[in-house]
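The basis for the numbers below is simple: all heavy atoms, side chains too, and nothing from hydrogens, waters or symmetry mates. One is the number of the first residue; the rest follow in order along the sequence.
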Amino acid sequence: IMYPGADNAYSIGNSSMRVSAVYAANGAIQTSDARLKSEVRKFTDNEIAAAKLLSQEIGIYSWLAKQVAEGKNAREHIGLTVQRAIEIMESCGLDPMHYGFICHDEWEEEDIIIGYEDDVNPIIGKKEAGDRYSFRYDQLNLFIASGIEARLSAIEDKLGIGGTFAMGSNTGNADEKPVHQYRDWE
């Protein structure tokens with residue numbers, strides 16, 4: 001087992017020195033403890049509008065460097081670009097950098113070790129200054145899911161089939177069986 005020297009203090013790589021892939025038997029586990037968060041609020045109308053628009057931007061792309069190296073064999077991926085997400089958020093009157101799913105990192109030029117001569121003496125190279133946009137896809141996907149839920153609820157309401165789903169009752173008794181409430185087709 002690997003343990004960091006301090007809680008919530010270290011990253012693996014950074015925006016300019018990324019690892020290429022993480023192989024794991026399970027997905028990442030992220031803290032979601034209510035004791036550590038502000039109260040969860042509902043989405044605003046502008047946020048719902050942005051979420052709906054972002055869902056319509058999901059498409060297929062391949063990495064430019066892979067196109068150069070592999071040509072037609074470059075694998076395709078699913079997603080969208082941060083730059084387009086920023087445009088959409090701004091068009092809905094939102095500050096995109098206020099949301100944790102949009103990231104932008106900059107770095108200065110620096111010397112880096114690019115290899116070793118005789119397995120002992122470091123060979124020094126330069127890492128150019130630059131910047132990179134990225135997503136926290138787990139948060140982006142939940143943002144988009146809220147827009148999809150709003151769209152589905154609006155369709156159900158127009159069709160007269162909207163309903164509610166409630167777990168338990170308002171008594172707070174955890175031993176009660178779930179109560180399911182759906183409006184039947186009319």
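The backbone N or O of R75 lies less than 3.5 Å from no partner atom in the side chain of W63, so there is not a single donor-acceptor pair. A donor-acceptor distance shorter than 3.5 angstrom exists from the side chain of D33 to the backbone of R35, with no hydrogens or angles considered.
The SG atom of C103 lies 11.5 Å from the OH atom of Y133; values are rounded to the nearest 0.5 Å. To the nearest 0.5 angstrom, D157 atom CG is 11.0 Å from L152 atom CG. Here the NZ-CD1 distance, from K42 to I48, works out to 9.5 Å after rounding to the nearest 0.5 Å. Expressed to the nearest 0.5 Å, how far CD1 of I58 lies from CZ of R84 amounts to 13.0 Å. Between the CD1 atom in I88 and the CG atom in L54 there is a gap of 4.5 Å [rounded to 0.5 Å].
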Please lay out, stage by stage, how F43 and E149 fare under the test side chain to side chain contact (heavy atoms under 4.5 Å, CB included). CA-CA 11 Å; F43 277 53; E149 167 53 30; over 6 Å; no

Between V22 and I12, is a side chain to side chain contact (heavy atoms under 4.5 Å, CB included) present by the stated rule, with each step listed? CA-CA 10 Å; V22 176; I12 298 174; over 6 Å; no

Go through K126 and I112 one step at a time and tell me if the side chain to side chain contact (heavy atoms under 4.5 Å, CB included) criterion holds. CA-CA 6 Å; K126 291 275 186 208; I112 58 170; over 6 Å; no

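For I123, the CD1 atom sits in a packed shell: over 12 heavy atoms of surrounding residues, nucleotides or ligands are nearer than 6.0 Å. Around atom CG of D45, no more than 12 heavy atoms belonging to other residues, nucleotides or ligands sit under 6.0 Å away. Heavy-atom contacts from other residues, nucleotides or ligands closer than 6.0 Å to CG of N26 number 12 or fewer. Taking a 6.0 Å sphere around NZ of K127, one finds it holds more than 12 heavy atoms contributed by other residues, nucleotides or ligands. When the shell of 6.0 Å around CD of E108 is examined, it contains 12 or fewer heavy atoms from other residues, nucleotides or ligands.
Residue pairs meeting the side chain to side chain donor-acceptor pair (under 3.5 Å) criterion with at least one partner in residues 90-101, sequence neighbours excluded, are E47-Y99.
One hydrophobic cluster holds both I60 and F135 under the rule that ILVMFWY side chains link at heavy-atom gaps under 4.5 Å.
Closest non-hydrogen pair, I148 versus S55, comes out as CG1-CB, 4.2 Å. Taking every heavy atom of both residues into account, Y61 and I78 meet most closely at CE2-C, 3.7 Å. Considering all non-hydrogen atoms of both residues, G147 and K52 come closest at O-CG, 3.6 Å. Across every non-hydrogen atom of I102 and A85, the tightest pair is CD1-CB, 4.3 Å. Between A51 and F143, the shortest heavy-atom contact is CB-O, 3.2 Å. Across all their heavy atoms, P96 and I86 have their closest contact at CG-CG2, 3.7 Å.
The shortest side-chain heavy-atom distance between D105 and R132 does not fall under the 4.5 Å cut-off. The shortest side-chain heavy-atom distance between T81 and E57 does not fall under the 4.5 Å cut-off. In this structure the side chain of I113 reaches within 4.5 angstrom of the side chain of I124, judged on heavy atoms. Put simply, the side chain of L80 reaches to within 4.5 Å of the side chain of L140, judged on heavy atoms. When side chains are defined from C-beta on, S62 does not count as touching E70, because their heavy atoms never get closer than 4.5 Å. Here the side chains of K158 and I155 are not in contact, with every heavy-atom distance at 4.5 Å or above. Residues S16 and E128 form no side-chain contact, since every pair of their non-hydrogen atoms from C-beta on lies 4.5 Å or further apart.
Every residue was checked against the side chain to side chain donor-acceptor pair (under 3.5 Å) condition with S134, not counting sequence neighbours, and none meets it. Evaluation of the side chain to side chain donor-acceptor pair (under 3.5 Å) rule for Q139 yields no partner, not counting sequence neighbours.
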